[in-house]
Every structure is written in C-alpha cells, then in structure tokens.
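Quick notes on the structure that follows.
Values reported hereafter were calculated over all heavy atoms of this structure, with side chains retained and with hydrogens, waters and symmetry mates removed.
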Amino acid sequence: MRRKISLGLALAIVFLAIAGTAAATAAVTMRVYNSIIRDLPSRSSLYATVSEIDDIVRNNYFGEINDSLLNADLSAGYADGIGDGYSYYMTAAQYARYKDELRGQMVGVGAEVFYDPTDAGLYVAQVSENSPAALAGLKTGDRIIRINEEDVTAYNYAALSETLTGDRLSSVTVTYSRDGGEGQNVNLVKGYTAQTVYTSQNGSVGYIKITAFYANTADRLKAAVDALSKAGATSLIFDLRGTQAGTIEYAAAALDVLVPVASEGTGALATAYSKDGSVRKTFTAEASSVSMPMAVLVNGQTTGASELFACDLRDYGMARLVGETTAGNGALQEIFELDDGGALILTTAELRPYISQSYNRVGLVPDEEVALSAEKAVRLPVLSQSEDEQYQRAYALLSGEEAE
C-alpha cells in the first residue's frame, strides 16, 4: 500500500539532499585545497630559485644561451633530482628512438656490440642470422677498430656504436680485426630489425639469450623455444645477465609463453601497488605453458623487466636461478608523454611477483651462487661457454654433466 506525503515534506527532503551533497563536495574540496596549500611554499621556493638563477644568467652570462638545450637539461635535472635512479627525462628525439626500440622496430646492421674498458676495445657481442653483419662475415668476439673511418676510443665509442642502428637503408663502414689480425673493411646497410632473442644448443640443453623485453620479444621467444624443442632440446637455459632494457608489460608477455595461468599467490604474474597501497596495474597469464626443466643465469646487471621474468619462473617452480644477486629494481616505471614531444619515465609503483615477496632494493638471491672473476665479468658478452662457470653450473644442473 502506497502512502502519500505532503508537498512540504517532499521539499524538505530535496533540500536536505542538496545540503548533504554540498557538504560532501565542500569536504572534498577542502581536502584538495589543504593539500595544495601545504605544497605551495616548497613549490614557490623552487620556482623562485630557478627564476632567480635564470635572471642572473641572462643578465650576466658571457656567451649565447641555447634555450632548447637549457630546457632539456632543466627537465632532465628535475627527473634526476628526485633521487630515483630509474626515473628520467627524454627529449623528443630520444623518445622517438625509444618508441622504435620498444616496438621492436629499431633497424641496424644486425650486430650488438659492447665496450671493454680494460683495453678500450669495442667488440661484437651478438650477430643475428642472415643480417648484413652476418653476411659480411662479422662474428662474436671481433674487435671493431674504426666506424666510418673514425678510430674507436674511450671517448667516442658510445656515439660510434649508435651509428650501427637507425636510418633505414643508410650504410656504415666498419673496420674490424679478428684474433689480433689485420683490419678488414666492410660496408653494411642498415635495414635489419634488431633482435632480442639469440639461441644455441649444447646436446639436449637449449640456450636462449634475451637482450631486452620489447613488443616482439614474446613472439621471438616462442619461436626460439619451438625451434630448440624440434632440434631435440629437453631443457632450457635463459641468460638474463646484463639484460636491462624493456618493460614489465613485455616481460609479462614473454612469461606468458612459458608459464600456465597464475592460480596461487597474488593470482597474477605481477601486481603493481601505488604509494597509497592501491593496485595500479595487474599483469596476467593465459593457459599455455612449456614443460621443460629450466635454469636462469643472472648477475648484478640483471634489472627491471628481466628480474620479474627470473623471479616468476622460480616462483612457478619451473627454474633455478644461477649466478649473482640481481640489481633490485622491483618497481614499475611508466611513460608520461609531454607536450613538447619528449617523455618522462617515472617510477609509479612497487611490484609484487607471483608468489615471492618484493625484491625491490634487495634483488634476487640465486639458488646457485656462482661468481665470475672481474676479468671474466668484463668479457662476459664474448666469454666462451667453456670459460663461463655460471653457464657450466646451469648446464650441469640440467644435464647432470659438465658442458664441453
């Protein structure tokens, strides 16, 4: 049975509802206002100091000011100033290159290089099959003496290394030597999409080196695992030593090639928690999985996405970690695009892996701790498997014998 209410009572209810909404809105507004007011003194002081320095420089500096360079350095300085080693600023040009890398679209000659500070040498670390570098005869361990007729030195090796990538269909001249022999010149055309997965096989043990976790890494990893399996591999060694590039998202995609659906622990490959404890992002897995014994090689330069990959394989009980304690970057970095075309890479959350506690700032301690000598650690990208005690230990775990 419905009851009728008077017009006056109805109006009173409406007025109370409006008043309640206004009060709630006022409370929220006041909280926001108070947080802004609390932060205003420090921010005003910051802006005032920067403005004061700018006035002094512009009125007294003996020289021309490059405003583009100044703005870029100011932005980079702000990112550096927060004290987080994983947050940084990129100019528009740097960000464009970074996006190409993440998409797996960076082109080059098909060779990865590394610098050995002990003899100021630039060496070939990896050569992709059927790439311009491979077709020209370059091999792992070759020393690059000159690039475009400029001698490689401790001061220019980084800049010269970059000329081996980018600018599709442009060419670069490389002079290299092998085993201390005379230099040989080759002209290489840049047009080969950079690889992130390299494989080899030692008996029944497959070896997969992952150099970065980019958009195409998962597909290439799946192809590598399938190829090794067809070739008779019954176990796998993943080498993540020195692997720093890539994102958590793409590491999760690569993990999804290997692991089943997450059903224990957090129920996800990784969960990212914001500063206030709320869930910022969740990374999940599908149903496919690979059932092979595995080992993962790690060291102090294994960081970020590669740490999650190693940690989750161990959490699933699929792999043992061999090597040295990892870097301890168990945080999520996100990309914030800026109006000028640049971007800010910023740490926004802490990761919780599948089952383990957070390894942020502490790293992953291997199940089998094996250290390389300082001399071997420097030469790791060209170290033979017979010289590599970490590889040897992983091989022995999987095969029950020493590698040849």
Side-chain angles (χ1 to χ4, degrees), residues 104-105 110-112 124-135 137-140 192-241 243 246 250-262 269 285-298 305-306 308-310 312-323 381-386 388 390-404:
Q105 296 175 346
E112 294 198 23
V124 176
Q126 303 283 351
V127 179
S128 298
E129 188 177 355
N130 296 323
S131 66
L135 297 176
L138 282 173
K139 294 183 178 180
T140 297
Y192 187 85
T193 304
Q195 301 295 298
T196 56
V197 178
Y198 300 85
T199 66
S200 65
Q201 190 168 340
N202 191 344
S204 63
V205 180
Y207 169 84
I208 299 177
K209 171 66 180 178
I210 302 176
T211 59
F213 289 95
Y214 293 155
N216 57 359
T217 300
D219 287 341
R220 288 180 172 165
L221 176 60
K222 186 178 188 311
V225 171
D226 289 345
L228 288 169
S229 179
K230 288 178 182 177
T234 57
S235 58
L236 298 172
I237 295 174
F238 294 100
D239 192 347
L240 299 179
R241 293 173 296 180
T243 303
Y250 295 139
L255 278 165
D256 196 16
V257 172
L258 305 172
V259 303
V261 173
L269 294 176
E286 302 297 331
S288 61
S289 64
V290 173
S291 56
M292 285 191 198
M294 302 174 189
V296 184
L297 301 179
V298 296
S306 60
L308 176 66
F309 187 89
D312 270 1
L313 282 184
R314 180 165 66 178
D315 277 0
Y316 271 91
M318 298 174 67
R320 291 176 67 80
L321 308 191
V322 179
V382 294
L383 200 64
S384 68
Q385 291 178 346
S386 61
D388 185 349
Q390 293 171 341
Y391 173 86
Q392 289 284 338
R393 182 57 183 153
Y395 182 89
L397 284 173
L398 296 175
S399 68
E401 59 186 40
E402 294 298 316
E404 298 179 359

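Checked by atom type and distance alone, the side chain of Gln385 never pairs as donor or acceptor with a backbone atom of Gln392 at under 3.5 Å. Formation of a donor-acceptor pair under 3.5 Å by the Ser306 side chain with backbone atoms of Thr243 is found in this model. Distance alone, capped at 3.5 Å, places no donor-acceptor pair between the Ser204 side chain and the Thr234 backbone. Side-chain atoms of Thr199 never come within 3.5 Å of backbone atoms of Tyr207 as a donor-acceptor pair (strictly under, hydrogens ignored).
Qualifying ring-ring contact (aromatic ring centres under 6.0 Å, His included) partners for Tyr316, counting only residues two or more places apart in sequence or in other chains: Tyr354. Ala212 meets the side chain to side chain contact (heavy atoms under 4.5 Å, CB included) test with Thr196, Tyr214, Ala245; sequence neighbours excluded. Checked against ring-ring contact (aromatic ring centres under 6.0 Å, His included), Phe238 has the following partners two or more places apart in sequence or in another chain: Phe309. Under the salt bridge (Lys or Arg N to Asp or Glu O under 4.0 Å) criterion, Asp315 pairs with no residue at all, not counting sequence neighbours.
Summarising the geometry, atom CG belonging to Leu313 is positioned 8.5 Å from atom CG belonging to Leu240; distances are rounded to the nearest 0.5 Å. Taking CG of Leu321 as the reference point, atom CE of Met294 lies at 12.5 Å (rounded to 0.5 Å). Rounding to the nearest 0.5 angstrom, the gap separating the CG atom in Asn202 from the OG atom in Ser386 is 10.5 Å. Rounding to the nearest 0.5 Å places CG of Asp256 at 10.0 Å from OG of Ser289. Once rounded to the nearest 0.5 Å, the distance linking CD1 of Ile208 with CG of Leu236 reads 5.0 Å. The CG atom of Leu135 sits 11.0 Å away from atom OG of Ser128, with the distance rounded to the nearest 0.5 Å.
In terms of heavy atoms, Ala251 sits closest to Phe213 at CA-CD2, 3.7 Å. Taking each heavy atom of Val261 and Ala285 in turn, the nearest pair found is CG2-O, 3.9 Å. Residues Ala233 and Met292 share a closest heavy-atom pair of O-CE, 3.6 Å. Across Ala394 and Ile237, no two heavy atoms sit closer than the pair CB-CD1, 3.9 Å.
Side-chain polar atoms of Tyr198 and Glu112 form a donor-acceptor pair below 3.5 angstrom.
Contact annotation: the side chain of Asp312 never approaches that of Val259 to less than 4.5 Å [non-hydrogen atoms, C-beta and beyond]. Taking the side chain as every heavy atom from C-beta outward, Val205 and Tyr395 approach each other to under 4.5 Å. Side-chain contact between Gln390 and Leu383: absent, with no pair of heavy atoms (C-beta onward) separated by less than 4.5 Å.
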Practice item. Before giving the answer on side-chain contact (heavy atoms from CB on, under 4.5 Å), spell out for Gln195 and Ser131 the whole-Å C-alpha distance, their side-chain angles and the decisive distance to 0.1 Å. Key: CA-CA 10 Å; Gln195 301 295 298; Ser131 66; over 6 Å; no
Could you list the donor-acceptor pairs under 3.5 angstrom formed between side-chain atoms of residues 219-232 and any protein atom two or more places apart in sequence or on another chain?
{"unit_1": "Arg220", "atom_1": "NH1", "unit_2": "Ala194", "atom_2": "O", "d": "2.8"}
{"unit_1": "Lys222", "atom_1": "NZ", "unit_2": "Asp226", "atom_2": "OD2", "d": "3.1"}

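Screening residues 201-218 for salt bridge (charged side-chain N to carboxylate O under 4.0 Å, His left out), with sequence neighbours left out, gives Lys209-Asp239.
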